[in-house]
There are 2 protein chains.
Amino acid sequence: MSLREKKKTETKNKIFEVSGRLFKEKGFEKTTVDEITKEAGIAKGTFFNYFPTKEALLLYFGEQKEELIYDLIENETMKGIPTKEKITNFLVFLAESVEKDKALTKLMVFEYTRYMVHSGLGPCEDKCRLHRLTETVCGLLDEGAKIGDVKTSLDVYKASEIITGVYLHSLIMWLNSEDKISFSNDISGKINMLFEGIGV
Amino acid sequence: MSLREKKKTETKNKIFEVSGRLFKEKGFEKTTVDEITKEAGIAKGTFFNYFPTKEALLLYFGEQKEELIYDLIENETMKGIPTKEKITNFLVFLAESVEKDKALTKLMVFEYTRYMVHSGLGPCEDKCRLHRLTETVCGLLDEGAKIGDVKTSLDVYKASEIITGVYLHSLIMWLNSEDKISFSNDISGKINMLFEGIGV
DNA sequence: CTATATTTATGACTGCAGTCACATTTGACC
DNA sequence: GGTCAAATGTGACTGCAGTCATAAATATAG
């Protein structure tokens with residue numbers, strides 16, 4: 001790795017580290033780019049060489065976290081249990097990880113929405129986090145279809161989208177609640193109902 | 001109505017009208033509050049007497065539209081059809097109304113997210129649009145429970161939340177798609193699956 | 001009609017995100 | 001090491017959302 005690349009990652013990490021601390025101390029809104037750069041010992045313009053906007057930092061936070069989570073999933077003891085449980089475990093795991101920092105999650109969800117809405121991200125491609133979630137669930141359901149854990153006639157992809165939708169809604173409701181709800185409990189109850197169906 | 005109240009509504013309508021036009025012409029971002037107020041013939045400060053932020057305008061747009069829709073629902077020919085169809089019709093109707101202006105819908109969804117995330121709206125109360133949707137669906141399912149259209153053991157509220165979640169997810173996917181999907185078709189397919197269930 | 005209170009309007013001003021023309025550092029090649 | 005090109009750093013500057021002290025308009029009371 002060249003000197004240039006070394007300095008680059010160094011600077012990016014410095015920004016990441018300082019801003020993370022400041023956001024925790026005083027919140028996202030009240031932290032200015034000026035402060036971040038001053039504490040990081042760089043000029044204001046430099047910040048924008050690394051992150052196109054202040055909000056882009058939030059996206060970066062989210063990506064970092066997501067990587068950790070999806071990695072962990074692979075290593076879980078998920079072999080040999082019914083598909084319903086597999087999916088429930090997966091989503092509960094996601095939920096629990098998110099439950100740890102509500103304020104940050106709020107900001108990230110918000111920023112993610114902005115990202116989806118504003119020009120960036122042409123069609124719903126790789127970068128789309130919801131899409132990735134759907135794909136993962138889809139994989140689990142596909143396996144389930146082979147073992148006979150789900151209806152053979154099932155449109156697996158559509159079902160995955162439904163599950164993602166339920167996850168998203170629970171997340172938003174939880175973010176917007178006054179902590180009376182447990183996000184992870186809510187999710188697992190709903191997955192159950194999805195497998196049973198609503199109609200008689 | 002006093003002179004004061006008359007002038008107030010007049011000014012608010014003027015702002016609403018001018019900003020609507022400008023947003024369509026040049027988009028939300030590129031329209032400045034200065035422009036809006038100049039065209040409306042008022043001072044900049046006045047704008048903020050009516051809307052706390054520029055974005056609050058979007059919320060107002062949404063509210064106006066929503067009123068129209070929910071009113072229409074009441075008057076629909078929804079008597080005597082199965083619960084599944086009632087709910088499908090309702091959501092398809094919502095979807096179709098939203099499909100008419102994708103760009104504006106994007107902005108409104110985005111702004112709604114911001115609204116939920118940033119301080120405003122303590123716990124998820126009346127003002128929460130998703131909550132209102134859930135309540136409406138819940139009403140339909142309750143009726144359905146009486147006629148025996150849904151499982152008697154069903155947790156009706158939870159089911160409504162699931163349906164709302166599916167609606168929201170479809171909406172977002174559609175907003176983020178390159179117009180290959182029909183939002184309203186997508187919804188009706190998923191409601192069907194929800195009634196059938198996923199498991200064997 | 002005058003005096004006083006309350007509500008609404010005003011626009012110069014502030015603070016901050018984001019830009020840009022220019023300076024500095026790094027890498028590559030001789 | 002010297003020379004040039006490309007990448008990165010810099011901070012004064014710009015544009016816009018939002019504020020606030022003050023002015024104007026309207027309501028209320030005597």
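The sequence lines fix the lettering, A, B, ..., with proteins before strands; numbering per chain opens at 1.
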Query - Distance-only polar pair, side chains of A/Thr164 and A/Thr134, donor-acceptor under 3.5 Å - result: yes
Query raised in the report: Do any side-chain nitrogens or oxygens of A/Thr53 fall under 4.0 Å of OP1 or OP2 in C/dA17?
Result: no
Requested in this report: For residues B/Phe61 and B/Phe28, establish whether the separation of their ring centroids is below 6.0 Å.
Outcome: no
Query raised in the report: Pick the nucleotide of DNA chain C nearest each of A/Lys30 and A/Phe48; which residue has the one closer to the 5' end?
Result: A/Lys30
Query raised in the report: Base, sugar-phosphate alone, or nothing: which one does A/Thr37 contact when heavy atoms must sit under 4.0 Å apart?
Result: nothing
Report summary line: Of A/Glu5 and B/Asn49, the one whose nearest nucleotide on DNA chain D sits closer to the 5' end is A/Glu5
Query raised in the report: Distance check: side-chain N/O of B/Thr11 vs OP1/OP2 of C/dT8, anything under 4.0 Å?
Result: no
**Report entry** Check ion pair B/Lys151-A/Glu196 (N to O, under 4.0 angstrom)
**Finding:** no
Query raised in the report: For A/Lys44, which contact category applies under a 4.0 Å heavy-atom criterion: base, sugar-phosphate, or nothing?
Result: base
Report summary line: B/Leu3 atom CG is separated from C/dT6 atom C1', nearest whole Å, by 14 Å
**Report entry** Gap between atoms CZ and C1', on B/Phe47 and D/dC20 respectively (whole Å)
**Finding:** 18 Å
Query raised in the report: What integer distance in Å separates A/Ile42:CD1 from D/dG9:C1'?
Result: 9 Å
Query raised in the report: In whole angstrom, what separates A/Lys12's NZ from D/dG9's C1'?
Result: 17 Å
Query - Spacing of A/Lys26 atom NZ relative to C/dG15 atom P, expressed in whole Å - result: 14 Å
Requested in this report: Check the distance between C/dG15's C1' and A/Glu35's CD and give it to me in whole angstrom.
Outcome: 12 Å
Query raised in the report: If you look at every strand shown and take non-hydrogen atoms under 4.0 Å, does A/Tyr50 touch a base, only sugar-phosphate, or nothing?
Result: sugar-phosphate
Requested in this report: Indicate whether OP1 or OP2 belonging to D/dT8 is found under 4.0 Å from a side-chain N or O atom of A/Thr46.
Outcome: no
Report summary line: Here the salt bridge (charged side-chain N to carboxylate O under 4.0 Å, His left out) pairs for residues 81-100 of chain A, sequence neighbours left out, are A/Lys86-A/Glu143
Report task. Grab the NZ-P distance between B/Lys8 and D/dT26 for me, whole Å please. Result -> 14 Å
Report summary line: Comparing B/Arg4 with B/Ala43, nearest DNA chain C nucleotide closer to 5' gives the residue B/Arg4
Report task. Taking only the side-chain nitrogens and oxygens of B/Lys7, find out if one of them lies under 4.0 Å from OP1 or OP2 of D/dT26. Result -> yes
Query - d(NZ, A/Lys14; P, D/dG9) in whole Å - result: 15 Å
Query raised in the report: Looking across every strand, which nucleic acid part, if any, lies under 4.0 Å from A/Thr32 by heavy atom: base, sugar-phosphate, or nothing?
Result: sugar-phosphate
Requested in this report: Would you please indicate yes or no on a ring centroid separation below 6.0 angstrom for B/Phe183 and B/Tyr167?
Outcome: yes
